[in-house]
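From a predicted model like this one, the values you see are computed outputs, not experimental measurements. By convention in this document, chain letters (A, B, ...) are assigned in the order of the sequence lines, proteins followed by strands, and residues within each chain are numbered from 1.
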Amino acid sequence: MSDNGSEEKGSGTIAIQLLHNSLRLHDNPPLHDIEKAKYSSFVPLYIIASDHPFDQSRTPLTVNKSRSKFIHESLTSLDGSLKSVGSGGLVVLETKDYPATKSEEDDDDDDDDEEEDSSEEEFSGSDDGDEASQYAYTPDDLSYAHALSRFLSSSVLPLAPNPSSVHVYYERETSLPVIRRWRCCLEKALKPAGVKTKVYETHNLHAMDEYLARGKGGSPPASYGAFCKIFDSLPPPDACVPTVGELPGLPKEVKGTGVPKLEGLKVDMKTGGGLVFKGGESEGLKQLKKTVIDNPAWAATFEKPKTAPNALSPSTTCLSPHVKHGTVSPRLFFHELTKAYEANALGGGKNSKPPVSLHGQLLWREYNYLYAYSCPNFDRMVGNPVARQIPWDDDPLLLKAWKDGRTGFPFIDAIMTQLKEEGWIHHLGRHAVACFLTRGDLWISWEEGAKVFEERLVDADWSINNFNWQWLSCTAHFYQYFRCYSPISFGKKTDPNGDYIRKWIPALSKYPKKYIYEPWTAPPSVQEECGCVVGKDYPDRVVENHTETSKGNMGRMAEAYKIHKEGKEKGGGGKGGGGKKKKRKIEK
DNA sequence: TAGGTTGTTGTCCGG
DNA sequence: ACCGGACAACAACCT
Ligand SMILES: Cc1cc2nc3c(=O)[nH]c(=O)nc-3n(C[C@H](O)[C@H](O)[C@H](O)COP(=O)(O)OP(=O)(O)OC[C@H]3O[C@@H](n4cnc5c(N)ncnc54)[C@H](O)[C@@H]3O)c2cc1C
C-alpha cells in the first residue's frame, strides 16, 4: 500500500474505504491498517451509480438479476461482518440521491465516441494521458464522484480537524472502467477536498508494472508461456494480510445505511433447477474450502480442458464471481492452491501445471489483465493494436436470436439460457457460444458478444471478458481458425444423453437422445410425440448447415488474415530502424 | 534466418 | 472408453 508518511493518527482522524471489488474482511490491507493505526472512526463506503446492476432504471433486474443478487448478498454479508468487529457497518450512497448541480453539468461535453482513429498502434499502460477518448469520463463516473464529493463535504470534512486527517483507501484495479472511475473521483472529489488517498493492491497477484518491468521493452509477453516465465521469475505473491479483530465505529454523526432493498429480488430466480450463486465472503470462503482446502487432490490435479461444459453440477470451482467481486481474495485462492499442491505431492500425487492447472487459471487471469492494461481500445476492434481487423456482419436479428437462446441449436440455446438464468456458464460453454456467434457460424463481431456477456455474467470482468472474446474470435492471441467448435458434436462428447439440454430447454426434454442435439432431424411423428415441433415449439435453426457455414467462414477468415499480412509487409518497413517508438509501443 | 515444434480446450474417421 | 492421423494450415518460439 502506498502510505506516505507516519503522521500521527487518533484524535479526529477518519478512515474511509471506498469499496468496489474487494467486498471482504480477509486479506484487506486498509482494514488491517485502520486497526493498527488507531483511527478514531472508519467509514466503509459503497456508492451505487446508475451503471450499477442494482439500478433498475437502466438495467432491469429481470435482465441481470444474478449479479444484482450476488452483489446484494455480498454487501449484506459484509455489513454484518463489519458490525461484528465493531464497525458501524456500511454506508451506501446512491447517486440518484445526489443530483448534479447546474455548474457541474456543463463539464460533461464528451459524448463523442469514435474520434480515436490513430493508426498509431501502441501499448500504453502508463497514465500519460494519451488516448484521450477512452479515458473520457462517463456520466456515471461524474455522478459517482459527485456523490462522493457531496458526502465528504457534508458529512465527513466538518468532523475532521483538517482535510488531511481524512484518509481515503481504494483498491487499484487496472480494468479501464475502474481506472477511469477512480481518476474521476481523484480529480473531481478527493483532490478538491484535500483528503489523503491511499491505494492498495490486492486485485491481482502482482502489480501489472512488475510484470511489464520484467518483459521486453515494457510490452506484455507475446505468449502465455513467456508470461509464465516472468511470473516464475518474480517472488511468490504476497501473503494475505491478517483478518482484523476490531475496528473503530462510524463517526458519531454518520449513520450506517445498511444495504438498499432490491424489489426485483422478491421474485425468486427462475432456476432451471440448478445452482444459484450466493454472494458474500462467507459463501466464497465456503466454496474455496469445498473445492480446494477439503479437496486438495482434486484441486492439485485439475486439468481445465478435461472439465465438462455441460455437467449438471459444475466441473470447475465456480469461484469466479467471488474473485471478481473480491469476496475471495485472488492471492488467498493462489496460496490455498499452493498448499494443495504441496499436500498432493507429499501424498505421492502428480500435480497438474499451467496452463491447465488451477494455478494456471489464475495466471490466465493475470495475463488477461496485463493485456487489458497495456492495450488501448481493448474492448474494440478498431484502434486495438492486437486485434485482427475482420469485416464482421451487422445482423441485429441474428444477434438477438443468439442472445435470447433461439438459434435452433439446442446446445447453444441451453448455454445461452443458463447464462440468462444463472449468470454463470462453464468456460468451454463460453467457447462454444462465442465461436458460434463469431467465426464459427453467425460472423457477428466479438464486441457484440462481449457486451452480452458483460451484461449477463455474474463474474463479468472487463479485462478477462474482452481478452477471451478476442481469443475465441481469432482476433488476437489465438489464430487457428480452422479449429472450430461444432454446435452439434462438441456437447455430445461429455453429455451424449443431452441431460444438460433437457435441463435448460424443457421443451426438448422428451426428445430421444438420438435427435436431441439436432431436433430438426427427428421425423415429424417423433416431434409430435415429444410435444415439440421444430418451427413451432422450438425455433428453426438459424444456420442451415453448420459444417458448410463454418467452412465458408474459414475462407473469410483466411481472406482477412491475408490482408493483415500484406498490410504488415507493406506498412511495417524496417523494424527497429528509423522512428524508434516511445516506451511501451510495439508493432503489430 | 529458415524451418521444425508447440500451442489450455476441434472434427471426423478408422481402429 | 480411448487413441492416431488427416484435415489444411495460424503465429510464436525455439534452434
Ligand atoms: C468468451 C469468454 C468470456 C469470458 N468472460 C469472463 C468474465 O467476464 N469473467 C471471468 O471471470 N471469466 C471469464 N471467462 C473465463 C472463464 O470462462 C471463467 O473465468 C471461468 O469459467 C469461471 O469459472 P470457474 O471459477 O469455475 O473457473 P476455474 O476453472 O475454477 O478457474 C479458477 C479461477 O481462475 C480464473 N480463470 C479461469 N479461467 C480463466 C480464463 N480463461 N481467463 C482468465 N481467468 C480465468 C477465474 O478467476 C476463476 O475463478 C471468459 C471465457 C470466455 C471464453
Sugar-phosphate, base or nothing in reach of A:Phe478, heavy atoms under 4.0 Å: nothing
Sugar-phosphate only, base, or nothing, as touched by A:Lys493 at under 4.0 Å among non-hydrogen atoms: sugar-phosphate
Base of B:dT8 and ring of A:Trp364 stacked, centres under 5.5 Å, planes under 30°: yes
Any A:Arg483 side-chain nitrogen or oxygen under 4.0 Å from OP1 or OP2 of C:dC7: no
Euclidean distance, atom CG of residue A:Leu363 to atom C1' of B:dG7 [Å, nearest integer]: 16 Å
Nearest to side-chain heavy atoms of A:Ser223, which nucleotide of B:dT9, C:dA12, C:dC10: C:dA12
A:Tyr561, nearest nucleotide to its side chain (from B:dT8, C:dC10, B:dT11): C:dC10
C:dC14 pairs with, by Watson-Crick or G-U criteria that keep both distances under 3.5 Å: B:dG3
Sugar-phosphate only, base, or nothing, as touched by A:Lys229 at under 4.0 Å among non-hydrogen atoms: sugar-phosphate
Mutual orientation of the aromatic rings belonging to A:His477 and A:Trp471 [parallel < 30°, tilted 30-60°, perpendicular > 60°]: parallel
A:Phe411 CZ to B:dT9 C1', straight-line distance once rounded to whole Å: 12 Å
Side chain of A:Phe482 - closest among C:dC13, B:dG10, C:dA9: C:dA9
Spacing of A:Lys568 atom NZ relative to C:dC10 atom P, expressed in whole Å: 12 Å
Touch class at under 4.0 angstrom, heavy-atom based, for A:His477 against every strand present: nothing
Among B:dT11, C:dC13, B:dT8, the one nearest A:Ser486 by side-chain distance: B:dT11
B:dT8 versus C:dC2 - spacing of their P atoms, nearest Å: 23 Å
With sequence neighbours excluded, residues passing side-chain contact (heavy atoms from CB on, under 4.5 Å) with A:Ile488: A:Phe409, A:Ser486, A:Lys492, A:Tyr517, A:Glu518, A:Trp520
Separation of the P atoms in B:dT5 and C:dA6, to the nearest angstrom: 14 Å
Derivation and outcome, salt bridge (Lys or Arg N to Asp or Glu O under 4.0 Å), residues A:Lys503 and A:Asp495: CA-CA 12 Å; A:Lys503 169 174 171 176; A:Asp495 178 23; over 6 Å; no
Matching residue for A:Tyr224 among A:Phe467, A:Trp364, A:Phe231 - test: ring pair (Phe, Tyr, Trp, His ring centres under 6.0 Å): A:Trp364
Base-pairing assignment for C:dA8 (Watson-Crick or G-U wobble, both under 3.5 Å): none
Rounded distance in Å between the P positions of B:dT1 and C:dA9: 27 Å
Parallel, tilted or perpendicular, as decided by the 30° and 60° cut-offs, for the rings of A:Tyr485 and A:His431: perpendicular
A:Tyr561 ring center within less than 6.0 Å of A:Tyr481 ring center: yes
Separation of atom CG in A:Asp495 from atom P in C:dA1, rounded to whole Å: 12 Å
Among C:dC10, B:dT11, B:dT8, the nucleotide that comes nearest once only the side chain of A:Tyr479 is considered: C:dC10
Watson-Crick or G-U wobble mate for B:dT8, both contacts under 3.5 Å: none
Whole-Å gap separating P (B:dT9) and CG (A:Asn368): 16 Å
Distance below 4.0 Å between A:Ser489 side-chain N/O and B:dC12 OP1 or OP2: yes
Position toward the 5' end of DNA chain C (nearest nucleotide), A:Pro221 or A:Tyr481: A:Tyr481
Length of the line joining A:Leu358:CG and B:dT9:P, which is rounded to integer Å: 16 Å
Working for side-chain contact (heavy atoms from CB on, under 4.5 Å), residues A:Ile390 and A:Trp446: CA-CA 10 Å; A:Ile390 296 162; A:Trp446 59 272; over 6 Å; no
Rounded distance in Å - CG (A:Leu472) to P (B:dT8): 14 Å
Between B:dT6 and C:dG5 - P atom distance, rounded Å: 14 Å
Touch class at under 4.0 angstrom, heavy-atom based, for A:Gln361 against every strand present: base
N/O donor-acceptor pair, side chain A:Gln480 with base B:dG10, under 3.5 angstrom: no
Rounded interatomic separation in angstrom, taking CG from A:Asn553 and C1' from C:dC10: 16 Å
